[in-house]
Undergrad: 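Attaching a single structure in structure tokens format; questions to follow.
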Amino acid sequence: MAHRVHDQSRLPVAQAAVLTLPPSSQAKDLRPRLTALDSLLCGAFAGAVAKTVIAPLDRTKIIFQVSSKRFSAKEAFRLLYCTYMEGGLLSLWRGNSATMVRVMPYAAIQFCSHEQYKKLLGGYYGFQGKALPPFPRLLAGSLAGMTAAMLTYPLDMVRARMAVTAREMYSNIMHVFVRISQEEGVKTLYRGFTPTILGVIPYAGITFFTYETLKKLHAEKTKRSQPYPYERLAFGACAGLIGQSASYPLDVVRRRMQTAGVTGSSCVTILGTMREIVTQEGIRRGLYKGLSMNWVKGPIAVGISFTTFDLTHNLLLKLHQMGSFIH
């Protein structure tokens with residue numbers, strides 16, 4: 001009799017355990033998660049949209065960067081106009097095919113690796129699933145930029161060559177690879193690699209850091225977890241403006257080194273290239289040539305890129321949620 005009473009007294013506890021455990025485990029299993037492939041696709045699309053929008057300005061900037069011609073807004077507009085008159089509207093996007101071949105894997109790898117580095121550093125510092133503190137936030141961006149740059153650098157070289165040459169010299173992307181390899185050697189495909197890595201560390205780090213920080217501050221101030229699209233554009237524009245201004249001289253140096261084979265320049269080292277630029281053109285008009293144009297195109301490109309990535313990322317997340325709900 002006592003044994004029966006003892007069993008009955010334990011029954012509600014056992015039932016409560018049985019009834020409460022499965023729903024929490026089920027909720028955990030049904031929670032949608034985006035895969036690395038999802039991040040790759042979102043990143044590739046974001047990079048393609050952003051670079052296509054600002055391609056004419058980007059090409060104009062590269063042409064000024066690799067020449068000794070003085071930059072001004074008037075000269076930049078004249079170059080755009082002359083390019084249009086000589087080759088038609090599509091000539092303003094010359095080299096954009098190489099840009100797409102390069103920027104889609106670059107942006108895909110950068111955004112995807114940024115998500116992975118955030119998870120890795122979040123687990124290491126004890127902030128899994130939360131906003132990272134400042135230093136890990138900066139580190140995640142720098143590591144993402146370095147990873148993308150290292151894996152896609154030859155495509156950046158090809159894109160720079162196509163941007164500053166006539167169609168008769170390089171007919172397509174493969175022609176650039178073949179001709180550079182035959183005439184200048186395979187190592188030329190990696191000329192300018194060091195200043196690229198040195199430049200991408202502060203650029204990617206500061207850009208991602210600024211964007212993530214502004215989103216965090218926005219969420220704390222407005223109590224909204226997701227900013228509106230125009231707010232994302234503004235955050236991305238600020239991030240691009242600060243990041244590109246910090247690393248711009250190294251961008252000029254790498255472009256000079258990448259195009260040395262077709263411009264007749266003897267630029268083969270970072271210090272030698274910087275010395276040549278400063279001696280011939282000065283610091284402000286040489287190392288910062290085209291920066292004002294970058295202040296126009298850079299924020300636009302970064303703003304569009306970050307906004308497109310976030311919106312497509314959220315769209316895929318909702319699609320996964322709908323799929324989980326249906327199943």
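Below, each value reflects all heavy atoms present in this structure, side chains not excepted, and no hydrogens, waters or symmetry copies.
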Undergrad: Could you pull out the closest heavy-atom pair between Met274 and Leu287, with the gap in Å?
TA: CE-CD1, 4.0 Å
Undergrad: For the residue pair Tyr211 and Phe235, categorise the inter-ring angle as parallel (less than 30°), tilted (30 to 60°) or perpendicular (more than 60°).
TA: perpendicular
Undergrad: For residues Thr259 and Arg161, is any side-chain donor paired with an opposing acceptor at under 3.5 Å?
TA: no
Undergrad: Atom OH of Tyr84 and atom CG of Leu90: how far apart are they, to the nearest 0.5 Å?
TA: 10.5 Å
Undergrad: Check whether any side-chain heavy atom of Gln110 lies under 4.5 Å from a side-chain heavy atom of Thr147, and answer yes or no.
TA: no
Undergrad: Indicate the atoms forming the closest heavy-atom contact of Pro202 with Ser247, along with that distance.
TA: CG-CB, 4.2 Å
Undergrad: Taking all atoms of both residues into account, what is the closest heavy-atom pair of Ala149 and Ile197, and its distance?
TA: CB-CD1, 3.9 Å
Undergrad: Is there a side-chain contact between Ile62 and Arg59, using heavy atoms and a 4.5 Å cut-off?
TA: no
Undergrad: Looking at Trp93 and Pro56, would you say the former's side chain and the latter's main chain have a donor-acceptor pair under 3.5 Å?
TA: no
Undergrad: Within a reach of under 6.0 Å around CG of Leu151, are more than 12 heavy atoms found that belong to other residues, nucleotides or ligands?
TA: yes
Undergrad: For a quick test of reading the model, state the closest non-hydrogen atom pair linking Asn96 to Lys51 and the distance between them.
TA: OD1-O, 4.1 Å
Undergrad: If you look at every heavy atom in Ala48 and Met104, which pair is closest and at what distance?
TA: CB-CG, 3.9 Å
Undergrad: Checking Gln258 now: which residues fulfil side-chain hydrogen bond (donor to acceptor under 3.5 Å, both in side chains) with it, not counting sequence neighbours?
TA: Tyr153, Asp156, Arg255
Undergrad: Check whether any side-chain heavy atom of Cys42 sits under 4.5 Å from a side-chain heavy atom of Leu316, and report yes or no.
TA: yes
Undergrad: First locate atom CZ of Phe135, then atom CG of Leu121, and finally report the distance between them rounded to the nearest 0.5 Å.
TA: 8.5 Å
Undergrad: For the side chain to side chain contact (heavy atoms under 4.5 Å, CB included) test, which of Ile304, Ile300, Val302 pairs with Ile54?
TA: Ile300
Undergrad: For Lys289 and Arg284, what are the C-alpha separation, side-chain angles and deciding distance, and is it a side-chain contact (heavy atoms from CB on, under 4.5 Å)?
TA: CA-CA 7 Å; Lys289 179 186 290 184; Arg284 186 173 63 85; over 6 Å; no
Undergrad: Determine the interplanar angle of the Phe77 and Tyr81 rings, folded into 0 to 90°, and report it as parallel if under 30°, tilted if 30 to 60°, perpendicular if over 60°.
TA: parallel
Undergrad: Given side chains that start at C-beta, do those of Phe193 and Met150 come closer than 4.5 Å, heavy atoms only?
TA: yes
Undergrad: Less than 6.0 Å separating the ring centroids of Phe306 and Phe208?
TA: yes
Undergrad: Using the ring of Tyr170 (Phe, Tyr or Trp, six-membered ring only), decide whether Arg179 places NZ or CZ under 6.0 Å from its centre and within 45 degrees of its axis.
TA: yes
Undergrad: With clusters defined by side-chain heavy atoms of hydrophobic residues (ILVMFWY) lying less than 4.5 Å apart, directly or transitively, does Ile277 cluster with Leu271?
TA: no
Undergrad: Please check if atom CG in Leu89 has more than 12 non-hydrogen atoms from other residues, nucleotides or ligands closer than 6.0 Å.
TA: yes
Undergrad: Under 3.5 Å, is there a donor-acceptor pair between the side chain of Ser142 and the main chain of Ile201?
TA: yes
Undergrad: Please say yes or no: joined through hydrophobic side-chain contacts below 4.5 Å, possibly via intermediate residues, are Leu291 and Ile242 part of one cluster?
TA: no
Undergrad: Aromatic rings Tyr288 and Tyr248: how do their planes relate, parallel, tilted or perpendicular, breaks at 30° and 60°?
TA: parallel
Undergrad: In this structure, would Phe64 and Leu57 fall into the same cluster of hydrophobic residues linked by side-chain contacts under 4.5 Å?
TA: yes
Undergrad: Is there a side-chain contact between Tyr124 and Pro136 in this structure, where contact means two heavy atoms from C-beta onward sitting under 4.5 Å apart?
TA: no
Undergrad: In plain terms, say whether Lys215 and Glu220 are close enough for a salt bridge, that is, a side-chain N and a carboxylate O under 4.0 Å apart.
TA: no
Undergrad: Within the distance-only criterion (no hydrogens, no angle test), does the side chain of Thr312 pair as donor or acceptor with the backbone N or O of Phe309 below 3.5 angstrom?
TA: yes
Undergrad: Between Thr35 and Asp38, is any side-chain donor less than 3.5 angstrom from a side-chain acceptor?
TA: yes
Undergrad: Tell me whether Leu217 shares a hydrophobic cluster with Leu233, the cluster being built from Ile, Leu, Val, Met, Phe, Trp, Tyr side chains joined at under 4.5 Å.
TA: no
Undergrad: Between Ser181 (side chain) and Val186 (backbone), is there a donor-acceptor pair under 3.5 Å?
TA: no
Undergrad: Hey, could you give me the OG1/CG distance between Thr83 and Leu79, rounded to the nearest 0.5 Å?
TA: 4.0 Å
Undergrad: Between Ser305 and Phe111, is any pair of side-chain heavy atoms under 4.5 Å apart?
TA: yes
Undergrad: Test Leu311 against Leu315 for side-chain contact (heavy atoms from CB on, under 4.5 Å), laying out the working first.
TA: CA-CA 6 Å; Leu311 292 179; Leu315 177 62; over 6 Å; no
Undergrad: Whether Arg102 engages the ring of Tyr106 as a cation-pi pair (distance to the six-membered ring centre under 6.0 angstrom, angle to the ring normal within 45°) should be assessed.
TA: yes
Undergrad: Using only atom types and a distance under 3.5 Å, with no angle test, would you say the side chain of Thr188 pairs donor to acceptor with the backbone of Ile180?
TA: no
Undergrad: Using the salt bridge (charged side-chain N to carboxylate O under 4.0 Å, His left out) rule, collect all pairs that involve residues 107-126, keeping only residues at least two apart or in two chains.
TA: Glu115-Lys118, Lys118-Glu212
Undergrad: In Å, rounded to the nearest 0.5 Å, how long is the span from CD of Glu231 to OG1 of Thr307?
TA: 10.5 Å
Undergrad: Name the residue from Thr273, Val200, Ile270, Val252 that meets the side chain to side chain contact (heavy atoms under 4.5 Å, CB included) definition with Pro195.
TA: Ile270
Undergrad: Pro105 and Leu155: which non-hydrogen atoms are nearest, and at how many Å?
TA: CG-CD1, 4.3 Å
Undergrad: Any carboxylate oxygen within less than 4.0 angstrom of a Lys/Arg side-chain nitrogen, looking at Glu281 and Arg285?
TA: no
Undergrad: Hey, could you give me the OG/NZ distance between Ser292 and Lys297, rounded to the nearest 0.5 Å?
TA: 11.5 Å
Undergrad: Measure the CE-OG1 distance between Met257 and Thr196 for me, rounded to the nearest 0.5 Å.
TA: 8.5 Å
Undergrad: With a 4.5 Å limit on heavy-atom distance, are the side chains of Gln280 and Glu276 in contact?
TA: yes
Undergrad: Should Thr210 and Leu214 count as side-chain neighbours, where that means a heavy-atom distance under 4.5 Å?
TA: yes
